[in-house]
Amino acid sequence: MRRPRLRVDRERCIGAGMCALTAPEVFDQDPDDGRVLLLRAEPPAALHAAARLAAGLCPSGAIALDEPESGGT
Amino acid sequence: MGEPVHAVPMLPTARRPGCPFDPPEELTDARRHGPISRLTHFGGNPGWLVTGYDLVRSVLADPRFSSRRELMNVVDYELPPAPPGEFLLMDEPRHGRYRKPLVGKFTVRRMRLLTERVEQITTACLDAMEKAGPPADLVTSFAKPIPAIVICELLGVPYEDRGSFQEQIDAFVGGGTDEDELMAAYTATQDYLAGLVAAKRAHPTDDVLSELTDSDLTEEELKGIALVLLVAGLDTTANMLSLGTFALLENPAQLAALRADPALADRAVEELLRYLSVAKSFMRTALEDVELGGQTIEAGTTVVLSYHTANRDPERFADPDTLDIRRQHTGHLAFGHGIHQCLGQQLARVELRVALPALIARFPALRLAVPAEEVGLRPETADIYGVTSLPVTWDTEAS
């Protein structure tokens, strides 16, 4: 089963911290510049909902989520 | 031409009596007609009003809409560009020059480290309130001092200057009407901050302003940044604390639920942010002709974005006019969206998260000391909505 894959664009990031607040197991903020750090590009199933929410909440559109085609399970 | 578009003659200046937490009826009514309406700005200039959640969010994320003050086409004279450092009223790349060096200082992690200190400050305020005995004005004893002390410590305002400095800021963010007094207080604060920046450069201490002096930012720019942080960090949180308490007192079942289960605090804070939306609206100006909700916004036209009605949009939030602290939602626009989304939002969350539960735990019988209709409200024309004072009382143990 393919997992959704996350990508982050640190140049777009404005450091609002919504991702680190919403899905702290998946995202953190660089302690120096406050910009997004991707901890898990392919988070386990238990974190999918939080990761999706974080991507949706990002104010600058710096998080992209590639959802695999839903086939199989 | 298509369907006639709903038109709002001018932004309302008051809320419906008895509904201090709801957006003015004219704005809610506009949203019922559709997410975008025509609006005449105060200066008579034609513009637009966006009231629906999706559309407000899309404008905030759209670089074709500018935040530059000098482009705001709302009055019959030209507004000056924002002074150095006041980055809320700028676009990229000017905005980024000021925001970027700050971002690392306001991360979720760094703000959470302040929790213990915020708890200490809150406890001290509650102790003083309890010692003085009922009644109290919750604005002066609780809602203002907590964020004021926190932001002063964060910026590095010396302890001995804090009292007079707070008075100065109060004078120009407090919704006063005397223009001369406002200007005098604003100038005094600027002068104070100029001195503070120079002092931090000469003798850096452990605070955000000292850290910033170690950059290519000029004194003038640092002064502007400090002013933004102070005003944004003080008035917004103070009004969320006081108006939030008022809203809880007026919704006793919600207050009881939060008191019974402090684990609801995070959700309660998000819900109060959504429900109250104290930063009610912001403006953007179209840099080119933009199609928006079926309308053409002509280049140079200014659009008012109503965060409050967006946060009460029934298409986005179920039963939006009900305060429900158990609501599991995220994505309210209380802190905005797009590149200007509130820099200090994680600090605000820590302060609200700590202070509101502490207040209701300390005073189990906290209640208004005056009828709700007599609580003084800020006019709708104030940038930040809130109460002017919140008289409360409680029972004391008979000794």
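For clarity, every value in this text was computed on a predicted model and none was experimentally measured. All chains are named by letter (A, B, ...) in the order of the sequence lines, taking the proteins before the strands, and each is independently numbered beginning at 1.
Contacts between B/Leu343 and chain A at a heavy-atom distance below 4.5 Å are absent for every atom of the residue. Contact annotation for A/Cys13: neither backbone nor side-chain heavy atoms come within less than 4.5 Å of a heavy atom of chain B. Both the backbone and the side chain of B/Gln341 come within less than 4.5 Å of a heavy atom in chain A.
Taking the side chain as every heavy atom from C-beta outward, B/His337 and A/Leu57 never approach each other to under 4.5 Å. Contact annotation: the side chain of B/Ile339 never approaches that of A/Arg12 to less than 4.5 Å [non-hydrogen atoms, C-beta and beyond].
Atom CD of A/Glu42 is surrounded by more than 12 heavy atoms from other residues, nucleotides or ligands within 6.0 Å. Counting heavy atoms of neighbouring residues, nucleotides and ligands inside a 6.0 Å radius, atom CG of A/Asp66 exceeds 12 of them. B/Asp206 CG: 12 or fewer foreign heavy atoms inside a 6.0 Å radius. Atom CD of B/Gln328 sits in a sparse spot, with 12 or fewer heavy atoms from other residues, nucleotides or ligands closer than 6.0 Å. Heavy-atom contacts from other residues, nucleotides or ligands closer than 6.0 Å to CD of B/Glu116 number 12 or fewer.
The candidate from B/Arg57, B/Arg110, B/His340 with the greatest count of non-hydrogen atom pairs under 4.5 Å with chain A is B/Arg57.
Separating the CG atom in A/Leu21 from the CZ atom in B/Arg112 is a distance of 6.0 Å, to the nearest 0.5 Å. In this structure, NZ on B/Lys100 lies 11.5 Å from CD1 on A/Ile14, to the nearest 0.5 angstrom.
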*A/Asp28/B/Arg109 under side-chain contact (heavy atoms from CB on, under 4.5 Å): CA gap, chis, key distance, verdict*: CA-CA 9 Å; A/Asp28 200 352; B/Arg109 215 175 267 276; 2.5 Å; yes
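Shown here for A/Asp33 and B/Val103, the closest heavy-atom pair between the two residues is O-CG1, 3.3 Å. Between A/Ala16 and B/Gln345 the shortest heavy-atom distance is CB-NE2, 3.5 Å.
In this structure a side-chain-to-backbone donor-acceptor pair under 3.5 Å is missing from A/Gln29 to B/Gly104.
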